[in-house]
*Asks:* 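Before I ask anything, here is the structure I am working with.
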Amino acid sequence: MKRKSIVRDWHSLAQRDPQPAEGVLVSEELLRLLRDSTTKVEPQKIAVAVDPSGGGRDVAGVVGGFLGDDRRVWITHDVSAATSSADWSTAACRLAYETNAAIIYVEANYGCDMCWLAIRTSWETLQLVTAKQGKLLRAEPVAQQMVQDRVRLRGLFLDLEREWSTWMSTDPDSPGRIDASRNLAYGLIPEANKGAIVHAPLPQAPVTGSRQPSAAAGAYGRRIGK
């Protein structure tokens with residue numbers, strides 16, 4: 001059992017001593033603190049971001065969100081799945097339609113022509129995000145934006161949170177949800193892509209002060225669908 005488990009799961013299941021594994025991007029505790037479904041915030045720019053896959057076991061990341069009037073990125077949807085190019089492009093376009101997104105961000109490293117062919121029949125505006133080499137290096141600036149309380153989760157996304165809090169560069173699987181939400185943050189907060197923090201200390205909580213209570217926002221889908 002220990003040979004088949006990652007460090008975090010082994011401590012949690014076998015020794016009843018849960019603790020974050022070294023080398024992960026952010027802690028589970030931080031992600032729990034970032035969950036926020038009550039703060040009233042108005043979308044300024046709505047987007048969908050895609051980390052494509054060629055099929056097989058790799059997850060195609062498809063994540064939606066918006067830049068709020070508080071200058072934070074709010075992740076609102078995660079429809080990522082291990083699926084074919086036809087299915088992930090359809091999922092991305094459907095999500096863009098449902099959320100009234102203004103743009104779809106797609107990682108260019110996968111192949112610009114293929115992505116364009118997959119999406120152009122359903123979406124008119126395509127902006128390519130040219131990712132730096134190394135998934136950990138590319139994701140670390142977004143993890144830092146989480147620490148600075150500039151990214152929040154507009155709901156409960158257990159799979160996305162689990163990937164952010166457990167994936168390490170030595171893992172064989174491609175972190176589609178991390179890549180897609182990273183592309184979303186890079187698109188909505190361009191300065192997040194100015195550089196990476198290599199081997200940053202594992203953050204436990206946002207560095208800003210406590211949240212101010214506010215009235216519950218209306219249903220996100222209804223508000224952006226106007």
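Computed from a predicted model, the values in this text were never measured in an experiment. The first residue in the sequence is number 1, and the count goes up from there.
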*Asks:* Taking all atoms of both residues into account, what is the closest heavy-atom pair of Phe157 and Ile75, and its distance?
*Replies:* CE1-O, 3.4 Å
*Asks:* Which atom names give the shortest non-hydrogen contact between Tyr105 and Gly187, and what distance separates them?
*Replies:* OH-O, 3.2 Å
*Asks:* What heavy-atom pair brings Val24 and Thr166 nearest, and what distance separates the two atoms?
*Replies:* CG1-O, 3.4 Å
*Asks:* Check the pair Trp164, Leu153 against side chain to side chain contact (heavy atoms under 4.5 Å, CB included), reporting the backbone distance first and the verdict last.
*Replies:* CA-CA 12 Å; Trp164 269 100; Leu153 309 178; over 6 Å; no
*Asks:* Hey, what do you get for CG (Asp78) to OG (Ser181), rounding to the nearest 0.5 Å?
*Replies:* 8.0 Å
*Asks:* Would you find a donor on one side and an acceptor on the other, under 3.5 Å apart, between the side chain of Asp171 and the backbone of Asp173?
*Replies:* no
*Asks:* Are the side chain of Asn183 and the backbone of Val106 linked by a donor-acceptor contact shorter than 3.5 Å?
*Replies:* no
*Asks:* Looking only at heavy atoms, which two atoms of Leu34 and Val151 are closest? And how far apart?
*Replies:* CD2-O, 3.5 Å
*Asks:* Evaluate the criterion side chain to side chain contact (heavy atoms under 4.5 Å, CB included) for residue pair Arg152 and Asp70; output intermediate values, then yes/no.
*Replies:* CA-CA 11 Å; Arg152 288 192 182 181; Asp70 58 354; 5.6 Å; no
*Asks:* Could you walk me through whether Asn100 and Phe66 pass side chain to side chain contact (heavy atoms under 4.5 Å, CB included), step by step?
*Replies:* CA-CA 10 Å; Asn100 197 28; Phe66 63 85; over 6 Å; no
*Asks:* Would you check if the side chain of Arg71 reaches a backbone N or O of Arg150 as a donor-acceptor pair within less than 3.5 Å?
*Replies:* no
*Asks:* Hey, are the side chains of Val41 and Arg72 touching, using non-hydrogen atoms and a 4.5 Å cut-off?
*Replies:* no
*Asks:* Nearest 0.5 Å, please: how far is CG in Leu184 from CG in Asp51?
*Replies:* 12.5 Å
*Asks:* With a 3.5 Å distance limit and no angle check, can you tell me whether Ser165 reaches the backbone of Ser27 through a side-chain donor-acceptor pair?
*Replies:* no
*Asks:* Of all heavy-atom pairs between Arg35 and Leu156, which one has the smallest distance, and what is that distance?
*Replies:* CZ-CD1, 3.2 Å
*Asks:* Between Asp36 and Thr38 (side chain of the first, backbone of the second, donor and acceptor by atom type, cut-off under 3.5 Å), is there such a pair?
*Replies:* yes
*Asks:* For the residue pair Gln44 and Leu188, establish whether any side-chain heavy-atom pair is separated by less than 4.5 Å.
*Replies:* no
*Asks:* Side chain to side chain contact (heavy atoms under 4.5 Å, CB included), that's the test. Do Val48 and His77 meet it? Break it down for me.
*Replies:* CA-CA 9 Å; Val48 170; His77 295 76; over 6 Å; no
*Asks:* Is the backbone of Arg177 close enough, under 3.5 Å, to the side chain of Glu163 for a donor and an acceptor to pair up by distance?
*Replies:* yes
*Asks:* Work out which heavy atom in Ile46 is nearest to a heavy atom in Pro43; give both atom names and the distance.
*Replies:* CG1-CB, 3.9 Å
*Asks:* Rounded at 0.5 Å granularity, tell me how far OG in Ser89 sits from CZ in Arg94.
*Replies:* 10.0 Å
*Asks:* Between Asp179 and Gly176, is there a donor-acceptor pair closer than 3.5 Å when you use the side chain of the first and the backbone of the second?
*Replies:* no
